[in-house]
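For reference, the structure is listed below as structure tokens.
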There are 2 protein chains.
Amino acid sequence: MARKTKEDAERTYHQLLDAATRLFIRQGVAKTTLSEIAKEAQMTRGAIYWHFDNKDAVIMALWNRNANRLQQAFNEMLSEIAPPTPAENFRVAIKRMVLSVVQDPELGQIMRIVMHNMEFTDEQTELQSFLMNKKEEFYSTMENAFVALDGMGVLRTNLPPEKLASSLMSYIHGLIHSSLSPGMRNIDLQKDGEILLDLFLDALLVEYDRSAE
Amino acid sequence: MARKTKEDAERTYHQLLDAATRLFIRQGVAKTTLSEIAKEAQMTRGAIYWHFDNKDAVIMALWNRNANRLQQAFNEMLSEIAPPTPAENFRVAIKRMVLSVVQDPELGQIMRIVMHNMEFTDEQTELQSFLMNKKEEFYSTMENAFVALDGMGVLRTNLPPEKLASSLMSYIHGLIHSSLSPGMRNIDLQKDGEILLDLFLDALLVEYDRSAE
DNA sequence: TATTATACATACATGTACGTATGTAAATAG
DNA sequence: CTATTTACATACGTACATGTATGTATAATA
């Protein structure tokens, strides 16, 4: 078989990831074999083992390709918590990021794979600790956000920022988990995301920013 | 090998479920083989295939053994939403049920398996639709609860009960998911469950029940 | 232009996991 | 007390899935 050019190789790299995504969502990660991924991408297993070490590495590559921009946006949120309307800015940033999971199809797919098609066990795999680190980043960023909000006096509760971060992250996790879930009776974040987020954020943040007075 | 008495058989049934639980949590459902379960329970695969059709049937049996009591308690909650303090009763019932997941080890284990060690894909398996039905029960019960609370005039929002149910279920799901998660930085529901639940319930329910005035 | 590294395809070896079929000793039914 | 069913253990066949080793035509390189 003919050797491909560098751009061709990158194209097959993405085709493999796309094929993997489709199969993971359709039939699950555990039940998807590397042969199936290769066949779905019109290749052989040789291509997969050239680009990735194993199935877990495929998932990590998927995260790096599609979810890193969410992580970056999440980090940049911190700088937006500033006068004159820190609470409102935080509110907008949170909504924007939660909705991006629904509006960005590729991002939504990885989030769905990570939330619905992965096992988290006591025996830590490399993939698991990879994802745990990402989660840790999210949590510490969120905690820092609450520290900043507290410093600006726009919090309605006196709970420690760590617990506020946990609770909001739990709520967001639940919302996204539901909206990306297969089957019926799921949340439509596109329609109701703003209302549902406001419902909880109203309990955390002051109605009007002090700095805006 | 000697045939066991009826009580002996039931004992091995439970031993198999216990062994499966341990292995599922330790190394995951997909990576746990039926031979391993049998070995962990000091039996052979013959015992498993006698009591269960396959691995998925083991999980369903686990649910029926340990999670049905939660489902029942959840249904009975509806009757507790009554004057003179419907909102307070609802609050107490929700807390009781969420905390039971932490306090009842066997219940917590199945919830953890279902939340962290199961795949939910587009191709519906029997196990998946089994669990979807259970979820549907929870959701409709919760929705009925909000209809009742609304009828008693103790809701602070005018959002439809369906959305209120979705949002509270999302939050609860997120809390339990975090508290049952392996690794660090998880919520300790035993310690903070009440506070964290109140944080959200305060946004939904009136401060003091009208009927109590 | 000769060489080398690349981007895969193909071939091979191994190890399991599953479902089923069959064996069997004792409990239970009649 | 005999016959039958129960509650498993054992044996069997099959099907893959994985990882690696090797082959190879062609870009890239010098």
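Heavy-atom basis, side chains included; hydrogens, waters and symmetry copies ignored. So you know, we letter chains A, B, ... as the sequences are listed, proteins then strands, and number each from 1. Predicted, not measured: the structure shown is a model, and the values here were computed from it.
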Roughly how many Å is it from [atom1] in [X] to [atom2] in [N], rounded to a whole number?
X       : N      : atom1 : atom2 : answer
A/Asp56 : D/dA17 : CG    : P     : 17 Å
A/Ile37 : D/dG19 : CD1   : P     : 12 Å
B/Asn54 : C/dA17 : CG    : P     : 16 Å
A/Leu16 : C/dA7  : CG    : P     : 13 Å
A/His51 : C/dT6  : NE2   : P     : 12 Å
B/Glu36 : C/dT16 : CD    : P     : 10 Å
B/Tyr13 : D/dT6  : OH    : P     : 17 Å
A/Ile48 : C/dA7  : CD1   : C1'   : 14 Å

Look at all strands and tell whether B/Lys31 reaches a base, only sugar-phosphate, or nothing, counting heavy atoms closer than 4.0 Å.
nothing
Heavy atoms only, 4.0 Å cut-off, all strands: where does A/Thr33 land among base, sugar-phosphate and nothing?
sugar-phosphate
Select one nucleotide: of [options], the one nearest the side-chain heavy atoms of [X].
X       : options               : result
A/Arg45 : D/dA9, C/dA11, C/dT20 : C/dA11
A/Met43 : C/dT20, C/dA9, D/dA27 : C/dA9
A/Trp50 : D/dA27, C/dA7, D/dG19 : C/dA7
A/Ala47 : C/dC8, D/dG19, D/dC8  : C/dC8
A/Lys6  : D/dT6, C/dA27, D/dA28 : D/dA28
B/Thr12 : C/dT28, D/dC8, D/dG19 : D/dC8
A/Leu34 : D/dG19, D/dA28, D/dC8 : D/dG19

Stepwise, does the side chain to side chain contact (heavy atoms under 4.5 Å, CB included) test hold for A/Met132 with A/Glu137?
CA-CA 9 Å; A/Met132 297 281 259; A/Glu137 270 191 61; over 6 Å; no
Whether [X] and [Y] hold their rings parallel, tilted or perpendicular, with breakpoints at 30° and 60°:
X        : Y        : answer
A/His116 : B/Phe120 : perpendicular
A/Phe138 : A/Trp63  : perpendicular
A/Phe146 : A/Phe90  : perpendicular

To 10°, what angle do the rotation axes through the five end pairs on each side of the helix from C/dT1-D/dA30 to C/dG30-D/dC1 form?
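Taking the rotation axis at each end, their angle is 20°.
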Closer than 4.0 Å, any side-chain N/O of [X] to the OP1 or OP2 of [N]?
X       : N      : value
B/Ser35 : C/dT16 : no
A/Tyr49 : C/dC8  : no
A/Thr5  : C/dA7  : no

Steps toward side chain to side chain contact (heavy atoms under 4.5 Å, CB included) verdict (B/Arg96, B/Glu80)
CA-CA 12 Å; B/Arg96 175 162 27 90; B/Glu80 297 178 23; 2.9 Å; yes
With A/Ile25 as reference, evaluate A/Ile113, A/Ile110, A/Leu180 under the side chain to side chain contact (heavy atoms under 4.5 Å, CB included) test and give the passing residue.
A/Ile113
Do B/Phe24 and A/Thr121 have side-chain heavy atoms sitting under 4.5 Å apart?
no
List the atom of B/Ile81, the atom of B/Met152, and the distance in Å for their closest heavy-atom pair.
O-CE, 3.2 Å
Most 5' of B/Ala9 and A/Lys55 on DNA chain D, judged by nearest nucleotide:
B/Ala9
